[in-house]
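Only heavy atoms go into these numbers, but all of them, side chains included; no hydrogens, no water, no symmetry mates.
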Amino acid sequence: MAVYFDHRIEAPESSAVPSQLTWHSAIPVLAVASSSPTTGGNVDLYLHQGEYVESCHVECQHQPTVLRWHPTKPVIAIGWENGEVKLLTHPSGDQTILPSTHKACITLMEWSSSGSRLVSGDQTGGLAVWKVDARGKLQGNYLGKHEFNKPLTCCIFRPTSPGDDVAMLARASVGGDESALDMFSWKGAPLKMGPQEGLAFFVSTVDGKVLSVDEQCKTSTLLSVEGSIKKLFYHEKREVLAVITETMMLSQYTLGSEGSAQMFMKVKLSSKSGQNVDIVWTDNGLLITATGEQVIRLWDLERDDNYVLSLDEMLGFERGEIINCVSYCAGKEILAAGTSHGRIALWRMVAQPGSSSCDTKAQWKLQTPTEIQGNVTQLQWGSSLNLLAANNSDTVLILCEHVMSAHFSQQVAAMQLTPTQLSITNFKTGVNLALQSDVHIKGVCVIKDSVTVWNGKQITVYELSGTVLRNTGSFPCDSHVVAVHGENLYTVEPNRVQIRTPQGTVKQLLNFTKAEGNPMLLSVCQSYLVVGTDTAHIRVFDLSRRDAKAHCSAKNLSEQIPNLGALSSVKCNANGSQVSILISQVNGRRDHKVYFYDVEMDSVTYFDFFIGRPSSGISHPEDSERQQFQGTELSGRCPLSHFWDESEPRLFVCETAPISFESSTSYLDMVDVSVVTLFCTQEHGLLLQDCYPKPGGLQALLALDVPYYYFSCKPGERDPGSTEFLLPSMVSRRALRDFVGLENSEKATRDAMLNFSFYLTIGNMDEAFKSIKLIKSKVVWENMARMCVKTCRLDVARVCLGNMGNARAAKALKEAEVEPEQEAQVAMLAIQLGMLEDAEKLYKSCQRYDLLNNFYQASGQWQQALETAEIHDRIHLRTTYYSYAKYLESMGDKTLALAYYENSDTHRTEVPRMLQDDTSSLEIYVNKMKDKNIYKWWAQYLESQSDMDSALHFYQCAQDYLSLVRVHCYMGNIQKASEIANETGDRAASYHLARHYEGHDDIKQAVHFYTRAQAYNNAIRLCKENGLDDQLMNLALLSNPEDMMEAACYYEEKDTHMDRAVALYHKAGYVSKALELAFTTQQFSALQLIADDLNENSDPALLARCSDFFITHSQYEKAVDLLVAAKKYHQALELCVTQNLTITDELAERMTVTDSKDLSEEARKEVLERIADCCMRQGNYHLATKKYTQAGNKLKAMRALLKSGDTEKIVFFANVCRQKELFIMAANYLQSLDWRKNPEIVKTIIGFYTKGRAPDLLGGFYEACAQVEIDDYQNYEKALDALTEAAKCFSKVRDSTGKQEARMADLQHKITLIKKFVHLRRIYAEDAGEAVRLCEALLEEPELDPAVRIGDAFGFLVEHHCQQGNFQVAYRKLEELQKLLPSQNVRYYISQASVQALQKEMGTQMDSGDHRLHEKEDDEVEEDLNLA
């Protein structure tokens, strides 16, 4: 709650009547324009308390028309009646006259957002744009000038949208990022946003046009409306331009990127004709108008909503008082309105937690008005959020907001009512006094017999004697803070605290060093004074003696508290052992913690309201669940104020609010403020004692003095939940939780209760009970039981209930112990004590919505019960509906009860029961519902009334065919009953009709309807009794096995239709009996059918007997199946072999035994190998492989695979088994394939021989590869590599016979010859002669072929001589080769080009030979391609 100190401006005597006023946006400087029809006009500047700035005075013979401050610099642009524009600089008073551009009255001036542009316009339509530098100085002539030939009315600049970095930072700060929020904070470093100034603007004319001017001063017509334009507004968030005309027509336009405007809304605003209209536009899209009425009108353009705010006579406004002007402060969310009777009405936007954001009107709260006299014609909020300038037609007043001073001490409370008036309340005597001061009161301090007030310049002391206040002293003093103890006053000045008498005489000085700083904060509790300085030092002084003595040395808190900016408040407890501190952080934001300085231990602890826990955590683990529950109420908050109890040093109280409100300028009107009480001791640290929300009718916490909290409140308001008698004052008190009902108890009882609460909090039950053992009052025990609800101590509660003698509550608590959640048990205790709100909270905290639902029902809160069931307890939703319907029925509201019976789905029985006395209403309901169950109920009712025809009709509607048949049989309509039973097939109806026919000896019809009713046993019984054997068989097959067995016995006893008996035994599952009877009566066809159902679960002897039967009749496959089922695998295999039966995969799997109980492991492997042998004989190699593998004989399995020729499976099987023999077998098999053309097979062969450790076989394979390279491809290089690998392999072979040595020598000889041939071919390109010589020498080598084919050596020579042109020599070599190889075609070794050259030069026709020549040529071409 705040008061406004009014300061009249110190206007010079020459000033005329003020006509305009405007605040600078950043500096607390007010410009006031005054006008006189005779002397002209003048403009003056004033500071925040109305001080006149003499250097800044501007006079002119003409009237000032427009005032506009530069947005950042202390420069104001003044437009005059004669078209002159001046720039005035504060505080120097420098004046700059703009070049004479305008010749008529200035009608508009506007600065750009950063002040680099100034736009001026006049009455004739002249518009000029000026450029201003960063110092606020004019730069040259105008940038652009336009003539529109119509008077200009309004101008606004179009802002640019912030960059992505700024937008992201804004979103982060709103989301709770403190670092991002600090970057936006005015105390932090300036945020670098880049060039964000918009230089384009809109200007309007008197004929309804809006023109757009871009950065280059080019103009274009944007839109046109009817009538003169009064106001232009731009909604930056929605990018919408709003236009208001003189006729109060509001139009909204969306702006396109290419300079187009599209109107999307047009509406006529309500206004009183012939009156001046004051219009205010807020950034969040709220349009506020004052049109000379008794209300102000608000239009929320974002929500498309409108409403009015009116004055309240209960707060001091008068009937017929007219609102002239409005001003809105966005930072404080306060709307100010000036009235015709000299009052300023203030509406504050009050945060309503949980309320709908749409209900905006309910969030505006009208405050007590401020009276300044006269007729208020203009209002404007200042740059500082606490300044409001008002023009009352005579002068200008600056209203400075000041938080109402309040103080409580020694049962005396003082609350400020007005800037000069206090309300004094003495709670001990009940006296309420009013104190009127001669000066503005900025602070007050009270004790039991004196009141001290000060305003920062003067201190006045009043003596409080009974009902009289007497001024005992007044003296000048510049101290902004004062404390009082006894006859002493404590004031501050730089580096010391002065101790004065009430008359101002200094008795003692408490000096502070330069490092300790200047005293800024004072607080007294009992006989201790705590002082806080501007360097974050605190000192405590003992005032109990004649002179103040230091209680402890100075403590530098900045060493203990990180990020400390400044001390906000310091308080000490009653014995001076603890000091509580509130601080602001370096960035200026309120800290979330309350710090506690222990004087004796010289240590600092804290309670963090952001997480809801102290620095040391929870002190006692057994209360962790309770602390966690209450921590949810404490977390996410910050402290607002703090106090110690005046007599109890352990008890501390703190007022907290959600973090979302911490930036609010006034927390007094908040609803979501909590009062938190803590115990603070040296041994146990900080312990939570209580936490509860501040009652809505109260404002700020003033003090804590057991057994009461003391709150400030507005006149006429009080805590609605308090039963305390409220004195006619502005202070209200509320009892602590532990002292409800004990407010007037003696001090001993209060001390006992306080000790009990403390020991209960720390968990020391022995001391807790010891402190109250002498108390006999039931009221005290009940109060302690209530305390147990808050602390969740059920053990203590049982003792309290016992002392209260409340057996019912003790029984209920005992029964509640079955609930697993402790909160649910405590909730039952709360219910028994009448603490229904606490019970509700506890049920919600443990999420026992079923019990909460029952609680709501029991307490008659049916709407909450229904809501809980619908949202959280849906399993009991129908039950809740039913209970509510029963309740409504008991209350006589049958219509609503009927609806809830339907919701609970019990209406089929409950509604007829409820309406049974009102048959007409019931019949209407039955016909309306068209429900089968209700039809049936109504039909039964009619039948009981003997109205058979109507009953039949409703049975038909209900489709109750049994009742239809029953009634028809009763009435003798058997034919109709038969038709119904046959048409519907209803089993119950058919059964009833069959019983009727049986009773009348109509056996055929009885059997028919028993069959339709599927009552086959009754039908079989009738068939047996009446010899209906043919029907008996069909009925037995339709019935269950017992009936089949009974019918089979019937046929067997009669010794007729034995085939039917066998079939029924078989169908009933008695296979052995069926077989026995089939063998006895030689029923071979039946045996075939029975055998199909035999399996391994059948009797082995039975299986063997059947198999013999099938062998006898040459049905060997069936016999094998039965032998396998009988687990006679050897006989089954023998039969397969002798009869040459194919063993299928299925049969083989059935003969594969997996259970060791049936066969031993050796016998199992023998069976598997016999199966595999049979498969081998039958050519089923894959199945044989599988069975050999299952038998563990992998060698035979590989042999079977090799016979199958499945290469892929052979390779896979060898790799899986990883046995040497199998690798070798697989490699040998792969050599039998065409491996020469498949490199993958070659790799696999080499790999298998290597894994099989067969170097001799691998060497042989390499030799074969080398020979293939020579014979097929003439690739001696690859052949040499292969032979080298072969030599390596042979070197690993151990052979004692000597054959290996000879083989190795022969291999080395081959390698040597091939190396020579490869070498001469390689050096041919460099030294052809040497290569030819080496080739000639090579031909002389013995046993050259097959290491190097002779044809290849001669072919080399022939090719050489052909290339050299020695065709004669070449031809001779060719003839020599022909002689050595007479049976071969020598052209195979020579290229086609050389052959053609020889034929041409020698003139001979060489025989083309056989087809191998062409094949060779083709091969050589492919080899060349491969090499390339």
State whether R793 and D795 are salt-bridged, where the test is any N-O pair (Lys NZ or Arg NE/NH1/NH2 against Asp/Glu carboxylate O) under 4.0 Å. yes

Paired with H551, the ring-ring contact (aromatic ring centres under 6.0 Å, His included) test is passed by just one of Y528, Y597, F541, namely Y528

Just checking E817: does its CD atom have more than 12 heavy atoms from other residues, nucleotides or ligands closer to it than 6.0 angstrom? yes

side-chain contact (heavy atoms from CB on, under 4.5 Å) partners for Q682, two or more places apart: D598, E600, M601

Scanning both residues in full, the closest heavy-atom pair of L698 with C713 reads CD2-CB, 4.2 Å

Minimum side-chain heavy-atom gap S465-R470 below 4.5 Å: no

So, does T868 use its side chain to make a donor-acceptor pair with the main chain of Q864 at under 3.5 Å? yes

So, taking the atom named CZ in F711 and the one named CZ in F408, what distance separates them when rounded to the nearest 0.5 Å? 12.0 Å

Just do the side-chain contact (heavy atoms from CB on, under 4.5 Å) check on Q847 and Y849 with the steps written out, would you? CA-CA 5 Å; Q847 298 184 356; Y849 295 106; 3.8 Å; yes

When you measure from the side chain of Q832 to the backbone N and O of A812, does any donor-acceptor pair fall under 3.5 Å? no

Separation between CD1 (I762) and CG (L687), nearest 0.5 Å, reads 7.5 Å

Walk me through it: do Y709 and T677 pass the test side-chain contact (heavy atoms from CB on, under 4.5 Å)? CA-CA 10 Å; Y709 300 109; T677 311; 2.5 Å; yes

In terms of side-chain geometry, is the basic nitrogen of D547 or K549 positioned less than 4.0 Å from the acidic oxygen of its partner? no

Distance-minimising heavy-atom pair for Q526 and A574: CB-O, 3.5 Å

Any idea how F652 and F596 line up, ring-wise: parallel (<30°), tilted (30 to 60°), or perpendicular (>60°)? perpendicular

Find out whether D449 and E463 are in side-chain contact, i.e. whether some heavy atom of one side chain is under 4.5 Å from a heavy atom of the other. no

Hey, are the side chains of I561 and Y606 touching, using non-hydrogen atoms and a 4.5 Å cut-off? no

E837/K841 salt bridge by N-O under 4.0 Å criterion: no

Please lay out, stage by stage, how Y595 and L557 fare under the test side-chain contact (heavy atoms from CB on, under 4.5 Å). CA-CA 10 Å; Y595 295 91; L557 294 176; over 6 Å; no

Heavy atoms only: give me the nearest L829-L813 pair and the separation to one decimal. CB-CD1, 4.1 Å

What verdict does the side-chain contact (heavy atoms from CB on, under 4.5 Å) test give for Q689 and L678, after you've listed the backbone C-alpha separation in whole Å, the side-chain angles of each residue and the deciding distance to 0.1 Å? CA-CA 5 Å; Q689 193 265 345; L678 302 171; 5.9 Å; no

Quick one: pull up CD in E487 and CD1 in I499 and give me the separation to the nearest 0.5 Å. 14.0 Å

Expected output: side-chain Q416 to main-chain M404 donor-acceptor under 3.5 Å: no

Taking the side chain as every heavy atom from C-beta outward, state whether F679 and L651 have any pair of such atoms under 4.5 Å apart. yes

Separation of L529 CG from C572 SG (nearest 0.5 Å): 7.5 Å

Which heavy atom in V446 sits nearest to a heavy atom in V444, and how many Å separate them? CG1-CG2, 4.2 Å

I'd like to know if the side chain of T472 reaches the main chain of V461, judged simply by a donor and an acceptor atom lying under 3.5 Å from each other, with no hydrogens or angles considered. yes

Looking at residues at least two apart in the chain, or sitting in another chain, which of them share a side-chain contact (heavy atoms from CB on, under 4.5 Å) with N575? N573, S577, P649

Y710 side chain to Q411 side chain, donor-acceptor N/O pair below 3.5 angstrom: yes

K571 side chain reached by C525 side chain, heavy atoms, under 4.5 Å: no

Hey, are the side chains of M804 and L833 touching, using non-hydrogen atoms and a 4.5 Å cut-off? yes

Decide yes or no for F607 and C680: does some side-chain heavy atom of the first lie under 4.5 Å from some side-chain heavy atom of the second? no

Could you tell me whether the side chain of V524 reaches within less than 4.5 Å of the side chain of V484, counting heavy atoms only? no

Q508 (side chain) donor-acceptor with A548 (main chain) under 3.5 angstrom: yes

With a 3.5 Å distance limit and no angle check, can you tell me whether S845 reaches the backbone of L842 through a side-chain donor-acceptor pair? yes

Testing S569, C654, S568 one by one against P639 for a side chain to side chain contact (heavy atoms under 4.5 Å, CB included), which residue passes? C654

Find out whether the Lys NZ or Arg CZ of R650 is both under 6.0 angstrom from the six-membered ring centre of F758 and within 45° of the ring's axis. yes

Minimal heavy-atom distance between V789 and V826, with the atoms involved, is O-CG1, 3.6 Å

For the residue pair G532 and L567, what are the closest heavy atoms and their distance? CA-CD1, 4.0 Å

What pairs with Q560 under side-chain contact (heavy atoms from CB on, under 4.5 Å), at least two apart in sequence or on another chain? K555, V604

Donor-acceptor pair, S712 side chain versus A700 backbone, under 3.5 Å? yes

First locate atom OG of S859, then atom CD1 of I831, and finally report the distance between them rounded to the nearest 0.5 Å. 8.0 Å

So, taking the atom named CD in E819 and the one named CE in M828, what distance separates them when rounded to the nearest 0.5 Å? 8.0 Å

Please say which of R637, K694, H642 ends up in a side-chain hydrogen bond (donor to acceptor under 3.5 Å, both in side chains) with T656. R637

